[in-house]
2 protein chains.
Amino acid sequence: MTERDPVILIAEDDLAQQKLLIYNVEREGFVAIGAETGEEAYQQLKLHDPDIVILDWMMPGINGIKLCKIIKGDRKTRNIPVLMISARTEEEDRVRGLDSGADDYLIKPYSISELLARVRALLRRARPTIAGTRLTYEDIELDPVRHLVTRNDNRIELRPTEYRLLEAFIEHPGRVWSRQQLLDRVWGRHIFVEDRTVDVHVGRLRKALCENGGSDPFRTVRGVGYSLG
Amino acid sequence: MTERDPVILIAEDDLAQQKLLIYNVEREGFVAIGAETGEEAYQQLKLHDPDIVILDWMMPGINGIKLCKIIKGDRKTRNIPVLMISARTEEEDRVRGLDSGADDYLIKPYSISELLARVRALLRRARPTIAGTRLTYEDIELDPVRHLVTRNDNRIELRPTEYRLLEAFIEHPGRVWSRQQLLDRVWGRHIFVEDRTVDVHVGRLRKALCENGGSDPFRTVRGVGYSLG
DNA sequence: ACATGATTGTCATAAATTTGACATATTTCT
DNA sequence: AGAAATATGTCAAATTTATGACAATCATGT
């Protein structure tokens with residue numbers, strides 16, 4: 001009945017970067033295993049059978065692409081999701097990255113929140129029971145797989161930003177988010193958007209969710225931010 | 001218990017630019033330290049242990065990137081947030097900027113308001129809320145994550161100032177706070193508010209907590225101040 | 001490449017809530 | 001009782017949030 005915490009293997013040769021990733025990923029409740037080379041990563045992979053692998057593109061020895069091809073070539077490891085990280089920006093690389101079999105692809109610099117969001121998404125796909133295929137709060141339901149939101153089984157149309165916003169809220173019902181935290185999580189870490197913009201989008205989300213009647217599920221916490229419930 | 005103002009180290013070789021930054025940053029209530037070279041910045045860093053470092057990319061001697069790598073490579077200074085400023089616009093530079101470990105990145109020309117917003121954001125992130133633990137005193141409970149207060153499981157509605165006030169009290173049950181100490185902690189050190197205003201807010205807090213019956217949990221220490229319990 | 005419609009961030013303004021001060025009442029201590 | 005300190009109701013001012021409008025940007029299909 002008790003499910004183990006998701007195990008994440010992080011292959012990244014820049015140790016500072018690796019530690020940062022491990023820190024953040026563990027804070028999310030995952031178990032993290034670090035590896036500095038492709039070879040080490042491969043050993044750890046065999047040993048721990050992780051739920052997801054984060055691979056840096058460039059690494060000494062077996063690099064990210066090679067390792068990814070190895071993982072995807074072995075039927076024992078084939079269905080472990082791989083998230084590739086790269087500093088390159090060229091579209092061609094992006095294609096090659098996914099060509100190697102990676103399930104997702106992230107370009108440096110990326111925001112930690114974006115990485116975590118993608119990790120969660122991959123986990124949901126691979127282990128539906130962990131993240132739950134459906135996130136619900138009261139009569140609101142968000143289906144991440146179908147990218148669909150309903151309230152009382154009525155379909156709610158949300159724009160991309162509103163959807164991601166609701167996603168954040170519904171993953172932690174009751175938690176109060178500061179505007180800055182929401183910007184980090186929903187908009188991304190290194191972009192500059194006014195704090196007040198959050199108000200506008202929360203307003204739009206409220207409106208969308210209350211369109212067909214129903215009370216406002218959000219709480220405005222004056223001087224702090226917002227929470228769902 | 002007195003918190004120092006955030007100290008900002010500004011490494012910028014263009015003196016006019018530096019002065020402008022210092023002026024604006026100090027107007028925000030920060031303490032600013034200027035440095036014209038990488039070497040000087042490093043000395044000041046060691047000396048003052050700033051809360052955040054603003055680095056110009058191009059500087060004589062040790063430049064911004066090098067210094068950033070030094071900062072991020074030393075575990076003593078690693079978690080001081082670094083904001084890199086650069087005149088370059090190429091995407092590749094942006095990548096390299098964050099790659100060097102900078103926590104954020106700003107391209108000239110930038111607006112002062114954007115810079116200040118990013119500084120504030122970095123400071124907020126660096127001081128994460130000591131969340132997770134619920135704070136309790138007798139039947140009073142304060143949940144920092146949900147930003148919710150209950151007494152005997154009855155929800156208590158508090159206004160921002162009352163909430164922060166209770167937060168201070170409940171973190172140190174039994175401690176007697178002088179009005180000045182409460183002003184420092186709850187209102188902030190730089191603003192001027194009458195001592196007597198504390199009385200009013202303690203009164204409001206008392207009223208809110210006793211709304212649904214229950215005895216007054218606070219103690220008025222005549223000639224000194226107040227305490228919880 | 002281009003047009004077109006949707007989405008998004010910002011701003012101005014309105015609305016709502018909170019706040020600090022003060023006057024007055026009450027309590028406490030000697 | 002008298003003096004000093006604290007408690008409390010009231011209210012204008014200040015702060016914070018909600019919302020509609022709009023230009024810029026983005027995405028999509030041709």
Side-chain angles (χ1 to χ4, degrees), chain A residues 91 147 149 156-168 176-180 182-188 190-211 215-228, chain B residues 110-114 116-118 120-121 147 149 156-169 176-211 215-228:
Chain A
E91 182 64 18
H147 215 271
V149 176
I156 306 278
E157 298 289 347
L158 292 183
R159 278 161 284 194
T161 308
E162 287 148 32
Y163 178 87
R164 290 202 305 280
L165 195 54
L166 179 59
E167 198 173 38
V176 175
W177 297 75
S178 73
R179 292 176 174 76
Q180 197 57 52
L182 286 171
L183 287 177
D184 280 2
R185 161 73 202 261
V186 176
W187 276 259
H190 53 273
I191 63 138
F192 175 63
V193 175
E194 289 288 330
D195 271 21
R196 288 285 151 213
T197 298
V198 174
D199 298 26
V200 175
H201 284 274
V202 169
R204 287 170 180 163
L205 187 50
R206 275 176 157 149
K207 192 171 162 190
L209 286 172
C210 298
E211 202 96 299
S215 61
D216 177 8
F218 292 97
R219 186 161 57 102
T220 298
V221 183
R222 217 151 212 282
V224 184
Y226 301 93
S227 82
L228 176 62
Chain B
Y110 53 86
S111 70
I112 289 292
S113 64
E114 177 170 2
L116 291 174
R118 284 172 188 265
R120 278 190 298 263
H147 216 272
V149 176
I156 306 280
E157 298 288 349
L158 293 182
R159 277 161 289 191
T161 307
E162 287 147 34
Y163 180 89
R164 290 200 304 278
L165 197 53
L166 178 59
E167 203 171 33
F169 278 122
V176 178
W177 296 74
S178 75
R179 291 176 175 77
Q180 200 53 54
Q181 286 170 333
L182 286 171
L183 285 177
D184 283 1
R185 159 74 202 255
V186 175
W187 276 259
R189 211 152 3 109
H190 43 291
I191 66 150
F192 174 71
V193 175
E194 289 287 331
D195 269 22
R196 286 289 148 210
T197 298
V198 173
D199 298 25
V200 175
H201 284 274
V202 170
R204 285 170 180 163
L205 186 50
R206 276 176 157 147
K207 189 172 162 189
L209 286 172
C210 299
E211 202 96 297
S215 61
D216 176 8
F218 292 97
R219 192 157 52 98
T220 300
V221 184
R222 210 181 156 79
V224 184
Y226 301 94
S227 83
L228 176 62

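Quick caveat: nothing in here was measured; it's all calculated off a predicted structure. The sequence lines fix the lettering, A, B, ..., with proteins before strands; numbering per chain opens at 1.
- In this entry the distance linking CD of B:Glu211 with C1' of D:dT8 reads 14 Å, nearest Å.
- For the helix from C:dA1-D:dT30 to C:dT30-D:dA1, the rotation axes defined at the first and last 5 base pairs enclose an angle of 50°, given to the nearest 10°.
- Here B:Arg159 pairs with B:Glu162, B:Arg204 under the side-chain contact (heavy atoms from CB on, under 4.5 Å) rule; sequence neighbours left out.
- Distances shown here put every side-chain N or O of B:Arg204 at or beyond 4.0 Å from the OP1 or OP2 atom of D:dT8.
- What separates CG of A:Asp195 from C1' of D:dA18 is a distance of 16 Å, to the nearest Å.
- The side-chain contact (heavy atoms from CB on, under 4.5 Å) test applied to A:Thr161 returns A:Arg164, A:Val186, A:Trp187, A:His201, not counting sequence neighbours.
- With sequence neighbours excluded, no residue forms a ring-ring contact (aromatic ring centres under 6.0 Å, His included) with A:Tyr226.
- A heavy atom closer than 4.0 Å to some atom of DNA chain D occurs in B:Thr220, B:Arg222, B:Gly223, B:Tyr226, these being the qualifying members of residues 217-226 of chain B.
- Considering every non-hydrogen atom in both B:Cys210 and B:Pro217, the closest pair reads SG-CD, 4.4 Å.
- Separating the NZ atom of B:Lys207 from the C1' atom of D:dA7 is a distance of 12 Å, rounded to the nearest angstrom.
- Sequence neighbours left out, the pairs with a member in residues 215-225 of chain A that pass salt bridge (Lys or Arg N to Asp or Glu O under 4.0 Å) are A:Arg206-A:Asp216.
- A straight line from NE2 of B:His201 to P of D:dT8 spans 14 Å, rounded to a whole angstrom.
- Following rounding to the nearest Å, A:Arg179 (CZ) and D:dA18 (C1') show an atom-to-atom distance of 11 Å.
- To the nearest 0.5 Å, the span separating CG on A:Leu166 from CZ on A:Phe218 amounts to 5.5 Å.
- Mapping heavy-atom proximity under 4.0 Å, the span of DNA chain C touched by chain B runs 5' to 3' from C:dT18 to C:dC29.
- Computed from coordinates, the B:Asp199 CG to D:dT8 C1' distance equals 10 Å when rounded to whole Å.
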Atom pairs and distances, side-chain donor-acceptor, residues 190-198 of chain B, under 3.5 Å, sequence neighbours left out:
{"from": "B:Arg196", "atom 1": "NH1", "to": "B:Asp199", "atom 2": "OD2", "distance (Å)": "2.6"}
{"from": "B:Thr197", "atom 1": "OG1", "to": "B:Glu194", "atom 2": "O", "distance (Å)": "3.4"}

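- Here CG of A:Leu165 is found 10.0 Å from CD of A:Glu167. Values are rounded to the nearest 0.5 Å.
- Residue A:Val200 is in base contact, counting any heavy-atom pair closer than 4.0 Å across all strands shown.
- Across A:Gly225 and A:Arg179, no two heavy atoms sit closer than the pair CA-NH1, 4.0 Å.
- For the atom pair CG of B:Leu182 and CZ of B:Phe169, the computed distance is 4.5 Å after rounding to the nearest 0.5 Å.
- Rounded to an integer number of Å, the gap from B:Arg206 CZ to D:dT8 C1' is 12 Å.
- B:Ser111 meets the side-chain contact (heavy atoms from CB on, under 4.5 Å) test with B:Ser113, B:Glu114; sequence neighbours excluded.
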